[in-house]
Amino acid sequence: MASSSSSRTPARLLHEMAQADTKTKSKKNKDTAQKKQRVLTAEPKHSKAARRFYNENFRESQRLSKVLAAAGVASRRSSEQLIFDGKVTVNGSVCNTPQTPVDPGRDIIYVNGNRLPKKLPPKVYLALNKPKGYICAAGEKKSVLSLFDDYLKSWDKRNPGTPRPRLFTVGRLDVATTGLIVVTNDGDFAQSISHPSANLTKEYIAVIEGSVSKKSLIAISEGTVIDGVHCTPDSVELLPQQPEMSRSRLRIVVHEGRNHEVRELVKKAGLEIHSLKRVRIGGFRLPTNLGLGTHMELRQGDLSALGWKTKKVAATAGR
């Protein structure tokens, strides 16, 4: 009987019941979508506990040798040697692999019995007007890095609780050459702008003993062989004579960056250099008001001019 009664239910009533059910589901789906939308568009709020959890579980690790170098222990190569020699422990165990991923904020690292600080020094980018007589190597008696002694001595006062950076030069200038040299503690930055793929030009002003003929300019522009490679300058220009200077001046732009390249080019032309100064790297020019032996901090725009565009400079660490 029940089935017979159901079969006689008016079709219109069945249609209205189906529509009512559909509207209810549609409203529920709409409410759910709106709730999801509110969740997506809500301003994210992260508690200290959440941030700590993220740092402890998802923070990116770095190679052990890179962490040691960034902490100022030694250069990347010397840090690797310390690791090979068994002088480094990570969480109580000797580590002999420089590529081991570590996090100085979580891992307990010791070097020669000394605990590595959890906090690494900030990245530092400086431009130095190198004087004559200084060499671009650490640990030497007259290293250009000795010109930063006062800067490092006052570091603790300017940056309390922050480890001192281990500075090194990006590339080199020979002992007799003056001018622009970049100093940093950022190995990635140094590798990026010194790599041949960066294709950064470097401009030098060479003061020449005696006169410079057109033939000499042609000889320089034709290039010379250095370490088995034929090197040619990007440009050579004889600058106007200065009233207070009897010697000729050449502007020479190169991009190879080989050892003593400018000196070899001039020598090949039969000329003798009285003095040589680098005044530009890439798009960054040595400020005319930066005195010999003094330095300046490089800002984001300066680093971009040097071809460093992958990272932004954090707040500078003071002068």
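Position 1 is the first residue of the sequence, and the numbers go up from there. Given the structure is predicted, the values throughout are model-derived calculations rather than measurements. Computed over heavy atoms, backbone and side chain alike; hydrogens, waters and symmetry mates excluded.
Between the D103 side chain and the G105 main chain, a donor and an acceptor come within less than 3.5 Å of each other. For E261 (side chain) and R258 (main-chain N/O), a donor-acceptor pair under 3.5 Å exists by modelled atom type. A donor-acceptor pair under 3.5 Å is absent between the side-chain atoms of R249 and the main chain of I205, judged by distance alone. Judged purely by atom type and a 3.5 angstrom limit, N159 has no side-chain atom pairing as donor or acceptor with the backbone of D156. No donor-acceptor pair under 3.5 Å is formed between the side chain of S192 and the backbone N or O of D188. Without hydrogens or angle criteria, Q241 side chain to S246 main chain gives a donor-acceptor distance under 3.5 Å. Panel note: side chain T89, backbone G92; no donor-acceptor pair is recorded below 3.5 Å. No donor-acceptor pair closer than 3.5 Å links the side chain of K66 to the backbone N or O of A70. N91 places a side-chain N or O within donor-acceptor distance of the main-chain N or O of I108, the cut-off being under 3.5 Å.
Geometric assessment of R158 against the ring of Y151 yields a positive cation-pi assignment under the 6.0 Å and 45° thresholds.
Environment of CG in N112: crowded, with over 12 heavy atoms of neighbouring residues, nucleotides or ligands closer than 6.0 Å. Counting heavy atoms of neighbouring residues, nucleotides and ligands inside a 6.0 Å radius, atom NZ of K132 does not exceed 12 of them. With a 6.0 Å radius and a threshold of 12 heavy atoms from other residues, nucleotides or ligands, R263 has its CZ atom above the threshold. Around the NZ atom of K202, the shell of radius 6.0 Å holds more than 12 heavy atoms that belong to other residues, nucleotides or ligands.
To the nearest 0.5 angstrom, L82 atom CG is 11.5 Å from N96 atom CG. Summarising the geometry, atom CG belonging to D186 is positioned 11.5 Å from atom CG belonging to L167; distances are rounded to the nearest 0.5 Å. Taken from OG in S61 to CG in D107, the straight-line distance is 7.0 Å, to the nearest 0.5 Å. Atoms CG and OG1, on L286 and T178 in that order, are 8.5 Å from each other to the nearest 0.5 Å. To the nearest 0.5 Å, atom CZ of residue F189 and atom CG of residue L303 are 5.0 Å apart. Taking CD of E222 as the start and CG of L265 as the end, the distance is 11.5 Å to the nearest 0.5 Å.
Using a 4.5 Å heavy-atom threshold, the side chains of K118 and P104 count as separate. Inter-residue side-chain proximity for I109 and R115 is flagged as unmet; no heavy-atom pair is nearer than 4.5 Å. E209 has its side chain out of reach of I273: every pair of non-hydrogen atoms, C-beta onward, lies at least 4.5 Å apart. Taking 4.5 Å as the limit, every side-chain heavy atom of V170 sits out of range of all side-chain heavy atoms of I181. Residues F84 and T97 have side chains not in contact (no heavy-atom distance under 4.5 Å, counting atoms from C-beta outward). By the 4.5 Å heavy-atom criterion applied to side chains, L250 and I208 are counted as neighbours. Contact annotation: the side chain of N259 never approaches that of I226 to less than 4.5 Å [non-hydrogen atoms, C-beta and beyond]. Within the 4.5 Å cutoff, the side chain of R166 has no heavy atoms near those of the V73 side chain.
Scanning both residues, A71 and L116, for their nearest heavy atoms gives CB-CD1, 3.6 Å. Taking every heavy atom of both residues into account, W155 and P163 meet most closely at NE1-O, 3.1 Å. Between V144 and F148, the closest heavy-atom pair is O-CD1, 3.6 Å. Closest non-hydrogen pair, S211 versus L271, comes out as O-CD2, 3.9 Å. Taking all atoms of both residues into account, the shortest heavy-atom contact from V124 to T184 is O-OG1, 2.6 Å. Scanning both residues, N185 and P165, for their nearest heavy atoms gives ND2-CB, 3.3 Å.
Side-chain contact, R77 with S65: no donor N or O sits under 3.5 Å from an acceptor N or O. Checked by atom type, the side-chain pair T177/D174 shows a donor-acceptor distance below 3.5 Å. Counting only N and O atoms by type, the side chains of S146 and S143 include no donor and acceptor under 3.5 Å apart.
Between E203 and R278, no side-chain nitrogen of the basic residue sits less than 4.0 Å from a carboxylate oxygen of the acidic one, so the salt-bridge criterion is not met.
With hydrophobic clusters built from ILVMFWY side chains whose heavy atoms lie under 4.5 angstrom apart, L290 shares a cluster with I281. One hydrophobic cluster holds both V212 and Y204 under the rule that ILVMFWY side chains link at heavy-atom gaps under 4.5 Å. Clustering ILVMFWY residues whenever any of their side-chain heavy atoms sit less than 4.5 angstrom apart, transitively, puts L180 in the very cluster that holds M296. Linking Ile, Leu, Val, Met, Phe, Trp and Tyr residues whenever their side-chain heavy atoms come within less than 4.5 Å leaves L126 and F168 in two separate clusters. Grouping the Ile, Leu, Val, Met, Phe, Trp and Tyr side chains by contacts below 4.5 angstrom, directly or via other members, places V88 with L120.
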* **From CA spacing to verdict: side chain to side chain contact (heavy atoms under 4.5 Å, CB included), R280, V253** => CA-CA 9 Å; R280 178 178 61 81; V253 179; 3.7 Å; yes
* To do: Check the pair V183 / Y125 against side chain to side chain contact (heavy atoms under 4.5 Å, CB included), numbers first and verdict last.
  => CA-CA 6 Å; V183 177; Y125 308 91; over 6 Å; no
* Begin with the C-alpha distance, continue with both residues' side-chain angles, and end with the deciding distance and a verdict on side chain to side chain contact (heavy atoms under 4.5 Å, CB included) for L64 and C95. => CA-CA 9 Å; L64 178 58; C95 182; 3.7 Å; yes
* Might you work through the side chain to side chain contact (heavy atoms under 4.5 Å, CB included) test for K142 and I135, ending with a clear yes or no? => CA-CA 6 Å; K142 211 171 181 182; I135 61 174; 5.6 Å; no
